[in-house]
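Naming: A, B, ... by sequence-line order, numbering from 1 per chain.
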2 protein chains.
Amino acid sequence: MANQSPCLDQVFAALADPTRRAIVMRLCAGEASVGELADPFAMALPSFMKHIHVLETSGLVLSEKSGRVRTCRLSPDALLGAEDWFQQQRAIWEARLDRFEAYVMKLKKEKERAAAKRPSRTTKRKGSE
Amino acid sequence: MANQSPCLDQVFAALADPTRRAIVMRLCAGEASVGELADPFAMALPSFMKHIHVLETSGLVLSEKSGRVRTCRLSPDALLGAEDWFQQQRAIWEARLDRFEAYVMKLKKEKERAAAKRPSRTTKRKGSE
DNA sequence: CGATTGGTTAGCCATGAAGCTAACTATACA
DNA sequence: TGTATAGTTAGCTTCATGGCTAACCAATCG
């Protein structure tokens with residue numbers, strides 16, 4: 001019952017913006033100052049800083065200021081947490097698919113057995129593979 | 001150079017909402033009607049339908065109506081696409097970490113070699129691990 | 001010291017997202 | 001045929017987001 005997702009909200013929201021995804025991608029390659037990060041974007045600094053702030057409050061990015069330059073780096077935990085979520089969903093999804101496949105196989109076998117018993121009923125299924 | 005992300009925007013935005021994540025999780029376990037999906041949520045139907053619509057336009061969910069009931073199911077592609085994004089970032093991140101580690105190792109060796117040459121300079125580094 | 005650079009704060013605006021109610025459509029059931 | 005069920009559409013509020021400008025620190029550098 002524990003709602004383990006209060007941070008996923010913010011992580012996904014942060015990653016929903018292409019600018020912020022680009023920042024994350026850039027930071028994957030190594031830490032950088034705000035100015036360096038902002039450079040490729042045609043955007044006023046304050047606007048850009050908002051993105052940085054969103055990334056920070058989501059936990060995706062850490063930063064600290066030394067002198068007058070703020071250096072940002074990736075905090076892998078949030079990223080990994082989000083990736084985990086996908087993997088969990090995929091696990092459930094795939095488990096279901098396996099069960100479904102097993103079910104289909106069972107049906108198939110039963111049908112074959114039935115067909116063997118009374119061959120009168122010919123191939124009368126529609127597009128079921 | 002191809003900007004393969006116009007959909008990631010919508011996928012991540014869709015997943016940023018806990019209601020919609022819950023819907024996705026529910027659909028991982030198998031398809032369901034809108035009514036079934038909406039049942040656990042204390043929310044007016046039209047509001048809930050908006051979430052369904054967001055999930056559909058993001059490509060995460062497919063639905064079709066037969067009779068008066070609309071049945072929803074997960075479309076795994078978008079989910080996998082988003083998961084891919086994480087894996088790509090992690091790959092870059094880890095490659096960098098490896099390079100960084102190699103670099104640190106190199107520094108370490110050089111330091112040891114230097115220390116072996118002139119043992120005068122004792123342990124004079126500050127908290128660098 | 002004074003100017004420049006790098007970032008920050010404050011405040012404004014437009015848009016969109018998330019919720020609601022009310023009214024409507026269309027299928028299914030009696 | 002009439003009524004209940006399952007969604008849908010329309011339209012409204014409220015609040016968050018993403019962008020801007022202008023003014024403001026605070027380190028550096030000449």
Side-chain angles (χ1 to χ4, degrees), chain A residues 3 5-27 30-73 78 82, chain B residues 3 5-27 30-73 78 82:
Chain A
N3 203 2
S5 44
C7 54
L8 277 187
D9 280 28
Q10 297 173 270
V11 170
F12 282 130
L15 295 177
D17 185 281
T19 300
R20 290 194 291 258
R21 275 203 309 283
I23 295 174
V24 167
M25 293 170 76
R26 166 73 195 270
L27 287 179
E31 56 184 38
S33 73
V34 169
E36 287 168 346
L37 288 173
D39 194 48
F41 299 96
M43 188 184 296
L45 240 274
S47 313
F48 188 81
M49 284 295 296
K50 279 193 190 176
H51 288 297
I52 298 284
H53 191 243
V54 169
L55 287 168
E56 261 188 297
T57 56
S58 77
L60 282 164
V61 164
L62 299 175
S63 77
E64 53 191 329
K65 198 166 179 176
S66 83
R68 68 184 165 178
V69 50
R70 173 173 298 278
T71 304
C72 304
R73 62 193 173 82
Chain B
N3 202 4
S5 44
C7 56
L8 277 187
D9 279 27
Q10 297 174 269
V11 170
F12 283 130
L15 294 176
D17 184 282
T19 299
R20 289 192 292 257
R21 276 203 307 284
I23 295 174
V24 168
M25 294 170 74
R26 166 72 195 271
L27 288 180
E31 57 184 38
S33 73
V34 169
E36 285 168 348
L37 288 173
D39 193 49
F41 300 97
M43 187 184 296
L45 241 272
S47 314
F48 187 80
M49 282 296 295
K50 278 195 190 173
H51 288 297
I52 297 285
H53 191 243
V54 169
L55 287 169
E56 261 188 297
T57 56
S58 76
L60 281 165
V61 164
L62 299 176
S63 78
E64 53 191 328
K65 197 165 179 176
S66 84
R68 66 184 168 179
V69 49
R70 173 172 298 278
T71 304
C72 304
R73 61 193 174 82

Item checked: B:Met49 CE - C:dT25 P separation (whole Å) -> 17 Å
Check: Between A:Met43 (CE) and D:dT17 (P), how many Å, whole number?
Finding: 16 Å
Note to self: Can you tell me how far apart OG1 (A:Thr19) and CZ (A:Phe48) are? Round to the nearest 0.5 Å.
What the structure shows: 8.0 Å
Notebook entry, point to check: So what does B:Ser33 hit on the nucleic acid, given a heavy-atom distance under 4.0 Å: a base, only sugar-phosphate, or nothing?
Noted result: sugar-phosphate
Margin query: Among B:Glu56, B:His53, B:Arg20, exactly one meets side-chain contact (heavy atoms from CB on, under 4.5 Å) together with B:Val61. Which residue is that?
Written below: B:Glu56
Check: In Å and rounded to the nearest 0.5 Å, what is the CG to CG distance from A:Leu62 to A:Leu55?
Finding: 11.0 Å
Item checked: Minimum-distance nucleotide to A:Ala44 side chain [options: D:dC20, C:dC20, D:dG7] -> D:dC20
Next item on the list: Could you state the atom-to-atom distance from CG of A:Leu37 to C1' of C:dG6 in whole Å?
Entry: 13 Å
Next item on the list: Using whole Å, report how far CD of A:Glu64 lies from C1' of C:dG7.
Entry: 16 Å
Check: The side chain of B:Val69 lies closest to which of these nucleotides: D:dA6, D:dG18, C:dC20?
Finding: D:dA6
Note to self: What is the separation between atom CG on B:Asp17 and atom C1' on D:dC15, rounded to the nearest whole Å?
What the structure shows: 14 Å
Check: If only side-chain N and O atoms of B:Ser47 are considered, is one of them under 4.0 Å from the OP1 or OP2 phosphate oxygen of C:dA18?
Finding: no
Checklist line | Nearest to side-chain heavy atoms of A:Pro46, which nucleotide of C:dA18, C:dT9, D:dG18 | finding: C:dT9
Next item on the list: Could you pick out which residue, A:Lys50 or A:Arg68, lies toward the 5' side of DNA chain C when each is mapped onto its nearest nucleotide?
Entry: A:Arg68
Next item on the list: Measure the CZ-CG distance between A:Arg21 and B:Asp9 for me, rounded to the nearest 0.5 Å.
Entry: 4.5 Å
Notebook entry, point to check: Could you state the interatomic distance from CZ (B:Arg70) to OG (B:Ser33), rounded to the nearest 0.5 Å?
Noted result: 11.5 Å
Margin query: Counting only side-chain nitrogens and oxygens, does A:His51 get under 4.0 Å of the OP1 or OP2 atom of D:dG19?
Written below: yes
Note to self: In whole Å, I'd like the distance from the CG atom of B:Asp39 to the P atom of D:dA6.
What the structure shows: 11 Å
Notebook entry, point to check: What's the CZ-C1' distance between B:Arg70 and C:dA26, to the nearest Å?
Noted result: 13 Å
Next item on the list: Let me know the distance between CG of B:Leu45 and P of D:dA10, rounded to the nearest Å.
Entry: 17 Å
Item checked: Comparing A:Ser66 and A:Phe48 on DNA chain D - which has the more 5′ nearest nucleotide -> A:Phe48
